[in-house]
Every structure is written in structure tokens, then in C-alpha cells.
Protein chains: 2
Amino acid sequence: MIPYVIVVEDEAALATLLQYNLEKEGYEVAIASDGEEALLMVSERVPDMMVLDWMLPKLSGIEVCRCLRADKSTPNIPIIMLTARSEEDERVRGLDTGADDYITKPFALSELLARIRAVLRRAKPSLIEESLHCGNMVLDRSTHKVLRHGKEVPLGPTEFRLLEHFMSQPGRVFSRTQLIDAIWGTEVDVEIRTVDVHVGRLRRALNAGHQHDAIRTVRSAGYALRAD
Amino acid sequence: MIPYVIVVEDEAALATLLQYNLEKEGYEVAIASDGEEALLMVSERVPDMMVLDWMLPKLSGIEVCRCLRADKSTPNIPIIMLTARSEEDERVRGLDTGADDYITKPFALSELLARIRAVLRRAKPSLIEESLHCGNMVLDRSTHKVLRHGKEVPLGPTEFRLLEHFMSQPGRVFSRTQLIDAIWGTEVDVEIRTVDVHVGRLRRALNAGHQHDAIRTVRSAGYALRAD
DNA sequence: GAGTTTTGTGAAGGTTGTGTGACAGTTTTA
DNA sequence: TAAAACTGTCACACAACCTTCACAAAACTC
């Protein structure tokens, strides 16, 4: 059973971006571009969770949230709110209204994905995939632990997210730019060579114990997980 | 379903060049020579993506971009902007406006094709072909790997792009000049015999293991992939 | 078969891309 | 509040790769 997510977002560019990435992550996704449409879609098929923009045409995110919470027929759908930085101080109101979490734009995709997983884990534990496997490595999201050959590998936060991203699509080559967008976020500007340093650290951690390199460098293209 | 691309470019020479090469790559292409024409064409048939020159008569590329993003009836069309080097510093504005990527003129065709694929992959994954096959060879773009008889063939960046180009039209003969334009770019000047050297290296790599030559030399014309 | 044109290829030198230790600043932990 | 862990950047060294050249080999011409 794959989780069904409704994303309510009027900005088309962001909406498709989310749709694509959530689908890649294994969710079934539907887009609503305003509050009314969102409620309509919920009445057609109750989603496992919703991602809800704060500012929306016709019916604001907060109103949608209230409607859903008030309506007895819709069960307790987990909701994550998207807010712009300027609206940040209103987050309390958002949480009051019944949102399970909020995230301020701009955000890194990995951040949103992590929160969606967290919220889903709380609400529908059976739906969520908790661990990634590849070759002799296991990454467990719930415990934030990585094993290689059954032996625990200590990783810093950035290295963990990096590995998580690699393991979500083993073998695929990611350019440094793509990695920055995925791990750090599109809005942050981070020196391109920083990626090398973190990949280097990830490498050292994974390969401790003289095993063969788990990461492949593809010259003039980027890095990939060795998918053997 | 082959992807439909609208190229908006007022410089006729470049426009035809792009049309020719994109069609060869398997896209359906339409040319618009100014911004107004572009919007008209979009209203007639929504493309899967657009290549948009920054400087255009009547309605600049950036304005076209804004119009498309603002108009609710046009869905989120992926856009790649073409900018001249002098406008490079404005690229931030380009991305702000909602372009998915930009590329500065002059550029190598292979570069543009790669970006088009990247953008399409993000927006319409089903439309894009990730691997090329020919005879006993497979080239996988997502993992940057080449197999012959199921065995991995190690290639440098230039050899990889060269093979990619050959495999995009197996059997077709490319002149050294055409290869330079496609792999290195039209503005770079590279000695013509350099092509020979790289073809030689590609040959050696592919034929390692005494198989029959995968590349055909056509005397006084150029090289081609053996399409058997 | 001698002369001409075109191509293959080894070697040399230059260029670019990558790995990595060090460091100063920041955040987290104890 | 001090110590530890982590982050992002830089500079340097090294390895991979690129381009060119010269000469040898091959293909073609007559």
C-alpha cells in the first residue's frame, strides 16, 4: 500500500517539483491549486496526508485545515503547512489550527521529505518505508543509523542525508549542483567544492575497515553510489 | 509519445540548427521567431518544454516566461533560457522568473541536449529515454555507464559523449567537423585531428577483448557506429 | 608500383578536475 | 560554560585527461 498525498499549492512550478519528487520517493500524489479544489479532492478520496500551502486562492490553507478538522467525516488527516518566511510568526496559529508540522519556504527537498516521513510514521506507521538497502549497506531512517556489513558506521548529519539521497537511487550519477539542491536546498548558496569534501568524509566513514569504495566518482559528471 | 518542443529564437541560423538537431534526437520541434508568436503557438498546442532566447523582438524571453507562469491555463511548462555571455549575471533573474535552467551562448549541442533531458526528466519522466542501445552495446545516461556484451567499458568524459552521439544515430556517418561542433561546441577551436585521437581511444576501449571493431572509418568522410 | 592522400597511434606537455589536510567559525553535547 | 562535533572554505598536490605533433601505416590513384 503506497501512501496517497494531496499537495495543495497554487504556484505551478513548485507544485510539479513536489509532485515529481514525492512520486520518485514512492508516494501517490495529487495536486490541488486552491483550497476549494483541495476539499473537493478530499471528499472524493481521503488522502493519507496533505501538504498545504498557507497562502491560497479562494480558501486559505488555514481555512482548509480548519474545515478538515471540523468535519467529522474526514478522519484525522496529517497535515504539513508550507509558509513563507514572513508568515513565520504565525506558525503558532498554524499549529493551533491542527497542522501536524510546518515548514518555511524556501526549504530543501530532503527536509520536506523527512518531515513527511516523520508525520506519516506517527499517523500511519504501516505505510512508511523505514530503511534503505543497497549491497552490503543498510540505512535506517527511524533510528538514523547506517550499517555496512552489519557494522555501524558513524555519520554526521550532512553525510547521513547525502548517503540517504544516494541510496534513494543507487547507481544514479548526481552532479554537484544536483546534490547541493537536494541536500542543502536551492536557495542556499554553497561552494561547489564543499560537496567534494562531504563526499570525501562520507567515503572515509563508509570505507573504514579497508573495504572497497562504496562511492563512484564520475569525472566531470558527479558522484554515484556503487550499486553492486 | 515523443516530446513536443517549441524553440523561440529570432536568429534564423541558430533556430534551424536547433530544429534540425532536436528532431534528429527524436523531438517534435516548432520554431517561433518572437515572443508574441511563441505565446500564440503555446495557446494552439501546449508543448512539453520550451527553449527560449533571452533577447527577442516584441516580447523578450523573460516576459514570455513570466506570461506563461502567470497564466493559469498553461500548465507548468519546463523552460530553458538561452542567454548571451554578457547577460550571464542576470541569470539569477532568469531563474527567479521561473526558468528551469539556463545556458549561455555559445554552447555545445551535447550540452543543450543534456540539459533538455535533465529538465524533461524532472517534469515528465515518462517522456525521456534514459538509455541507448545498439547491437551488443548499452549506454546508460543516468548511471553514466557503458556495457558491451554486458561487460562494463571504462570511458573518459569525451569518449563517453562521443559514443553517446554515435549511438543517438547508429550507422550515420559524422564528419570530423560535425563531431567537433556536437561534442566540443561550435565556438571552441580544436584541431581536426584531435577527433581521430579520441575516436581511436574510444575504439580501443570498446574493442578491448578482441571483438570486432564497433566503429567504422569512412575514408574522406568521417566515422560512424557499426549498426549491426 | 610509385606517388598521393588519408588515417592510426605513441609520446610529450599542458590543462582540468578531484582528493584531502588544515582551519576558523558555528552548533551541539556534556 | 567548556568540550566536542560538525560545517564550509581554501590551498596545494596529484592524477586523469586533453590536445597537439610527428611519423608510420593504410588506402587510394593512375
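Side-chain atoms are counted along with the backbone in the values below, which use heavy atoms only and exclude waters and symmetry mates. Per chain, numbering begins at 1; letters A, B, ... match sequence-line order.
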Next on the checklist: Could you check whether any side-chain heavy atom of A/Leu163 comes within less than 4.5 Å of a side-chain heavy atom of A/Leu206, counting everything from C-beta outward?
Outcome noted: yes
Checklist entry - Looking at B/Leu82 and B/Asp53, what are the two nearest heavy atoms and their distance? => result O-OD1, 3.2 Å
Next on the checklist: Other residues, nucleotides and ligands only: do more than 12 of their heavy atoms fall within 6.0 Å of NZ on B/Lys151?
Outcome noted: no
Next on the checklist: Using a strict threshold of under 4.0 Å (side-chain N to carboxylate O), is an ion pair present between B/Asp101 and B/Arg115?
Outcome noted: yes
Would you tabulate the pairs of protein nitrogen or oxygen atoms and nucleotide nitrogen or oxygen atoms of nucleotides 9-13 of chain C closer than 3.5 angstrom?
none

Checklist entry - Aromatic ring centroids of B/Phe174 and B/Phe166 under 6.0 Å? => result yes
Item to check | Check: A/Ile116 and A/Met49 side chains under 4.5 Å, non-hydrogen atoms | outcome: yes
Checklist entry - Where along residues 213-224 of chain A does a heavy atom fall under 4.0 Å from DNA chain D? => result A/Arg219
Item to check | Minimum heavy-atom distance between A/Asp48 and A/Ile2, given as atom pair plus value | outcome: OD2-O, 4.2 Å
Item to check | chain B footprint on DNA chain D, 5' to 3' - any atom under 4.0 Å from a heavy atom | outcome: D/dC17 to D/dC28
Checklist outcome for this item: A correct 5'-to-3' footprint of nucleotides 24-30 of chain C, with B, S and - meaning base, sugar-phosphate only and no protein heavy atom under 4.0 Å, is -------
Checklist entry - Which pairs pass side chain to side chain donor-acceptor pair (under 3.5 Å) with one or both residues in residues 152-168 of chain A, sequence neighbours excluded? => result A/Arg117-A/Glu164, A/Arg141-A/Glu164, A/Glu159-A/His198
Checklist entry - Less than 4.5 Å apart, any side-chain heavy atom of B/Val218 and any of B/Arg216? => result yes
Item to check | All pairs passing salt bridge (Lys or Arg N to Asp or Glu O under 4.0 Å) where residues 13-23 of chain A contributes a residue, at least two apart | outcome: none
Checklist entry - Just wondering, more than 12 heavy atoms not from A/Asp189 lying within 6.0 Å of its CG? => result no
